[in-house]
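Throughout, protein chains are lettered first and strands after them, A, B, ... in sequence-line order, and every chain is numbered starting at 1. Treat the numbers as computed from the prediction; the structure is a model and nothing was measured.
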Number of protein chains: 2
Amino acid sequence: MVKAMEVTQQAERAPADDRPFDVFSRSCPSRAMLEHVTGRWGSLTIGALREGSYRFNELRRRVDGVSEKMLSQTLHALERDGLVHREARATSPPHVDYELTPLGRAVAERLLGLIALVEMRMPEVLAARESYDGSRDGAPRGGRWQRGQK
Amino acid sequence: MVKAMEVTQQAERAPADDRPFDVFSRSCPSRAMLEHVTGRWGSLTIGALREGSYRFNELRRRVDGVSEKMLSQTLHALERDGLVHREARATSPPHVDYELTPLGRAVAERLLGLIALVEMRMPEVLAARESYDGSRDGAPRGGRWQRGQK
DNA sequence: CTGTATCCTGCCGGATACTG
DNA sequence: CAGTATCCGGCAGGATACAG
């Protein structure tokens, strides 16, 4: 099977072509990175770090709903990607600060733009949903597509 | 008494406060919406739709790796949120086009900014990873934090 | 306080088969 | 072509206990 990383069919896939890291390609490392950044906890963690440095449990409180395990995993992934800097002071009790790197701040800027837009346009979204659900007048099944909102 | 104390309570959760839809709050519907938009397939689907309208299987080809089921689910969720418009023509064989709504285009703009940044800065990320993995000289375990990159 | 190690469950999501 | 229905394995991720 062809590895897809190479330029598959240039005609079909206009997006990439000249870009060395194409997120639309299944095997490109940039897709993994994008998933770290946009992932469920990654995006919120980066957002929470926008204004300064925070300690582990401060972050836990700022990112409502995240578990210890997930926050720890997320922070390690972001640190590995060079988006977050971890500063540990060998005191007792231990004191560790997390903050964005310059690259992390650049990502946060775009991310927060997206988040602000989403928050601002929520009324439209809510209206669209009602309209969508409502248009299924006869059909009994109220909705099967609200995945991930419990 | 020092006045400053009274005000500092707000500092803990500065992000929200005056915003009606706070994505950092576990129970806010905007968080679900953000997850649709930034989710594994949501972000790529929106990105793939940026330039015009596409048919179902065209999209499948543009979003490398997505399954029929996931694309269908993703499209329905985005349509319900009012980001994607579905236009079905009752011909034979069936012909269905998907395209972004104005709201969807606004989201796509921010999202593509983020994607472009991620793609552009990948060399830094790759370097950071190598540095991170390398600094574990003695430790045999090469990496436990590259979740989701198979 | 700042995490790591384990156990366990739900559901994400891939494969396959079928319908209009 | 454009999906839907069903099965099912793997892993995301929560709860808990424990360590430095």
Do you know which two heavy atoms are closest between A/V96 and A/A88, and how far apart they sit?
CG2-CB, 4.0 Å
Out of D/dA2, C/dG3, C/dG14, minimum distance to the side chain of B/K69 belongs to C/dG14
Taking the minimum atom-to-atom distance to the side chain of B/F56, which one of C/dC1, D/dG3, D/dG14 wins?
D/dG3
Please state whether the phosphate of [N], meaning OP1 or OP2, lies under 4.0 angstrom from any side-chain nitrogen or oxygen of [X].
X     : N      : value
B/Y54 : D/dC1  : no
A/R89 : C/dT2  : no
A/R40 : D/dG13 : yes
A/H76 : C/dG3  : no
B/R55 : D/dA2  : yes
B/S72 : D/dT4  : yes

Side chain proximity check, B/L59 to B/L75, heavy atoms < 4.5 angstrom
yes
Yes or no on side-chain contact (heavy atoms from CB on, under 4.5 Å) for A/V23 and B/E119, after CA distance, side-chain angles and deciding distance?
CA-CA 7 Å; A/V23 100; B/E119 290 181 342; 3.4 Å; yes
Taken to the nearest 0.5 Å, the spacing of B/L34 CG from A/L44 CG works out to 6.5 Å
My understanding is that only residues two or more places apart in sequence, or in another chain, count here; which of them pass salt bridge (Lys or Arg N to Asp or Glu O under 4.0 Å) with B/E99?
none
Salt bridge (Lys or Arg N to Asp or Glu O under 4.0 Å) involving B/E124 - partner list, sequence neighbours excluded
B/R121
Could you give the [atom1]-to-[atom2] distance, from [X] to [N], as a whole number of Å?
X     : N      : atom1 : atom2 : answer
B/L71 : D/dT4  : CG    : P     : 11 Å
B/Q73 : C/dC12 : CD    : P     : 8 Å
A/R26 : C/dG13 : CZ    : P     : 15 Å
A/D97 : C/dC1  : CG    : P     : 14 Å
A/E79 : C/dT4  : CD    : P     : 10 Å
A/E68 : D/dG14 : CD    : C1'   : 11 Å
A/R60 : C/dT2  : CZ    : C1'   : 11 Å
A/M70 : D/dC11 : CE    : P     : 14 Å

How bent is the helix from C/dC1-D/dG20 to C/dG20-D/dC1, comparing axes over its five end pairs at each side, to the nearest 10°?
50°
Applying a 4.0 Å non-hydrogen cut-off, can you work out what B/R86 is touching in the nucleic acid: base, sugar-phosphate, or nothing?
sugar-phosphate
Thinking salt bridges, do A/R55 and A/D97 make one under a 4.0 Å N-O criterion?
no
Should the ring pair B/Y132 and A/H76 be called parallel, tilted or perpendicular, given that the plane angle runs from 0 to 90° and is split at 30 and 60?
perpendicular
Between A/G65 and A/P94, which residue's closest nucleotide on DNA chain D lies nearer the 5′ terminus?
A/G65
